[in-house]
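Report on one structure; see the data block that follows.
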Amino acid sequence: MNTDSRKPLVAGNWKMNGSLALAEEFCTAMKGTSIEAVDVVLCPPYPFLTSMTDSAFALGAQNVSAQKNGAHTGEVSADMLKQCGCEYVIVGHSERRQDQGESSESVAGKALAALRAGLTPVICVGEPLDVREKDGVNQYIADQLAPVLETLNSEDLKQCVLAYEPIWAIGTGKTASPEQAQAVHAFIRKQVSEKGAKDVRIVYGGSVKPDNAATLFAQQDIDGGLIGGASLKVDDFVAICQAAN
């Protein structure tokens, strides 16, 4: 990890999990934890956002609408998230791409809407297992990134976080080897460097745990993690943050 120009970031994605009791537990625990060298973000489900405004960590949402307002039942705008205390928002997670049919073009629109509201989008990319097995990873990632690189200018892109999450490693217990993860991170950095944003932070997600976090975060182009299951356990999440510290 190159921390000279890129401050590590660890974000916890609770997905559709958690409770008000867990939110309170995290708020209490994080107040007593010193992780000054890392940007720590927690992304609970929408209903818990206003229960977790706390200076010990930044708050993020798991999704955002590309629309500013209007007749879009069930959607939440970037301005609304900002008013709830959010600083970050995840866009383009593979589960939303699969379950809600989100395209890379819609992901780019959501990232732009987030930026315009003063939020930092965490833009997710990652390949399924069959693509990995056919050595098609770079092209797959490039295709996912293309609409983002077309929609955002270099200054916009510098304000983003990119997250590489191989779909085959999300919630499966399988993790990309440090070498596999680094290779894709380096490819992503090459893509964004051509757009003038070589120092954008790129984090890894995919079954990151306390026992593998330090090895992953030690790679040159890995600037932290987007954490799923382990972010629901206070001790595990704190240990992962400390591994990036």
Side-chain angles (χ1 to χ4, degrees), residues 1-15 26 29-30 33-43 56-60 62 87-88 90 92-94 120-127 132 137-138 141 145 157-193 197-245:
M1 185 191 319
N2 178 358
T3 56
D4 292 341
S5 57
R6 307 192 307 267
K7 186 177 182 180
L9 179 143
V10 175
N13 176 17
W14 283 13
K15 307 187 180 184
F26 263 87
M30 296 301 288
T33 304
S34 179
I35 314 175
E36 297 179 358
V38 179
D39 284 338
V40 178
V41 185
L42 281 171
C43 303
F57 55 83
L59 194 63
Q62 298 176 20
E87 298 178 45
Y88 293 80
I90 300 169
H93 193 280
S94 63
T120 298
V122 180
I123 304 169
C124 300
V125 297
E127 82 284 356
R132 163 69 57 177
V137 176
N138 286 0
I141 299 298
L145 282 174
L157 199 54
K158 290 174 185 177
Q159 304 305 313
C160 298
V161 174
L162 297 177
Y164 169 56
E165 291 198 307
I167 296 171
W168 50 271
I170 299 174
T172 64
K174 298 179 180 179
T175 308
S177 70
E179 294 77 16
Q180 287 175 320
Q182 165 58 25
V184 180
H185 278 243
F187 174 76
I188 293 171
R189 194 168 306 286
K190 181 177 183 296
Q191 295 285 297
V192 297
S193 294
K198 67 180 178 66
D199 289 329
V200 67
R201 289 184 290 184
I202 309 172
V203 300
Y204 173 77
S207 298
V208 178
K209 299 178 176 63
D211 61 359
N212 63 19
T215 305
L216 287 163
F217 297 165
Q219 302 303 306
Q220 180 178 353
D221 289 296
I222 298 180
D223 302 318
L226 179 57
I227 315 303
S231 71
L232 293 165
K233 301 175 182 177
V234 172
D235 291 345
D236 284 358
F237 186 67
V238 169
I240 291 169
C241 291
Q242 290 172 336
N245 200 18

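Everything numeric in this text was worked out from a predicted model, so none of it was measured.
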Problem set entry | Minimal non-hydrogen separation, Pro8 against Ala37, with atom names | CD-O, 3.5 Å
Problem set entry | Contact summary for Ala169 and Ala176, nearest pair of heavy atoms | CB-N, 4.3 Å
Exercise. How would you list, by chain and number, every residue that makes a side-chain contact (heavy atoms from CB on, under 4.5 Å) with Lys190, sequence neighbours excluded?
Worked result: Glu194
Seminar exercise, completed: Smallest heavy-atom separation, Val38 atom then Cys241 atom, equals CG2-O, 3.8 Å
For this session: Indicate yes or no: at least one non-hydrogen side-chain atom of Asn13 is less than 4.5 angstrom from one of Ile90.
Result: yes
For this session: Taking the side chain as every heavy atom from C-beta outward, state whether Asp39 and Glu87 have any pair of such atoms under 4.5 Å apart.
Result: no
Exercise. From Phe57 CZ over to Cys43 SG, what is the distance, rounded to the nearest 0.5 angstrom?
Worked result: 10.5 Å
Exercise. Is a side-chain N or O of Gln219 found less than 3.5 angstrom from the main chain of Thr215, in a donor-acceptor match?
Worked result: yes
For this session: Decide, yes or no, whether a salt bridge links Lys7 with Asp199 under the criterion of side-chain N to carboxylate O below 4.0 Å.
Result: no
For this session: Please report the C-alpha distance between Asp223 and Arg189 in whole Å, then the side-chain angles of each, then the deciding distance to 0.1 Å, and finally whether the salt bridge (Lys or Arg N to Asp or Glu O under 4.0 Å) criterion is met.
Result: CA-CA 11 Å; Asp223 302 318; Arg189 194 168 306 286; 2.9 Å; yes
Exercise. Mind checking whether Phe187 and Val137 have side chains closer than 4.5 Å, heavy atoms only?
Worked result: no
Seminar exercise, completed: Correct closest heavy-atom pair for Ala163 and Val122 would be CB-CG1, 4.0 Å
For this session: Look at the aromatic rings of Tyr204 and His185 and report parallel, tilted or perpendicular, splitting at 30° and 60°.
Result: tilted
For this session: Can you measure from CG (Leu226) to SG (Cys124) and round to the nearest 0.5 angstrom?
Result: 5.5 Å
Problem set entry | Min side-chain heavy-atom separation Ile123-Val161 under 4.5 Å | no
Exercise. With a 3.5 Å cut-off and no angle check, do the side chains of His93 and Gln62 form a donor-acceptor pair?
Worked result: no
Exercise. Hey, does Ser94 have a side-chain heavy atom less than 4.5 Å from the side chain of Ile170?
Worked result: yes
Problem set entry | Side-chain touch Val208/Leu216, heavy atoms, less than 4.5 angstrom | yes
Please report, to 0.1 Å, the donor-acceptor pairs under 3.5 Å made by any side chain of residues 228-235, with sequence neighbours excluded.
{"unit_1": "Ser231", "atom_1": "OG", "unit_2": "Ile227", "atom_2": "O", "d": "3.3"}
{"unit_1": "Ser231", "atom_1": "OG", "unit_2": "Gly228", "atom_2": "O", "d": "2.6"}

Problem set entry | Residues forming a salt bridge (charged side-chain N to carboxylate O under 4.0 Å, His left out) with Asp236, sequence neighbours excluded | none
Problem set entry | Note, Leu59 side chain near Val41 side chain (heavy atom, < 4.5 Å) | no
For this session: Assess whether ring-ring contact (aromatic ring centres under 6.0 Å, His included) is satisfied between Trp14 and Phe237, documenting all intermediate values.
Result: CA-CA 11 Å; Trp14 283 13; Phe237 186 67; 8.9 Å; no
For this session: Please determine which of Ile188, Val184, Ile202 meets the side-chain contact (heavy atoms from CB on, under 4.5 Å) test together with Val125.
Result: Ile188
For this session: Indicate the atoms forming the closest heavy-atom contact of Ala239 with Pro210, along with that distance.
Result: CB-CB, 3.9 Å
Exercise. Hey, are Glu127 and Tyr164 close enough side-chain-wise for a donor-acceptor pair under 3.5 Å?
Worked result: yes
Problem set entry | Heavy-atom side-chain proximity of Leu162 to Gln191 below 4.5 angstrom | no
Exercise. Which heavy atom of Val200 sits nearest a heavy atom of Arg6, and at what distance?
Worked result: O-CD, 3.7 Å
For this session: Could you tell me whether the side chain of Thr120 and the main chain of Cys160 form a donor-acceptor pair under 3.5 Å?
Result: no
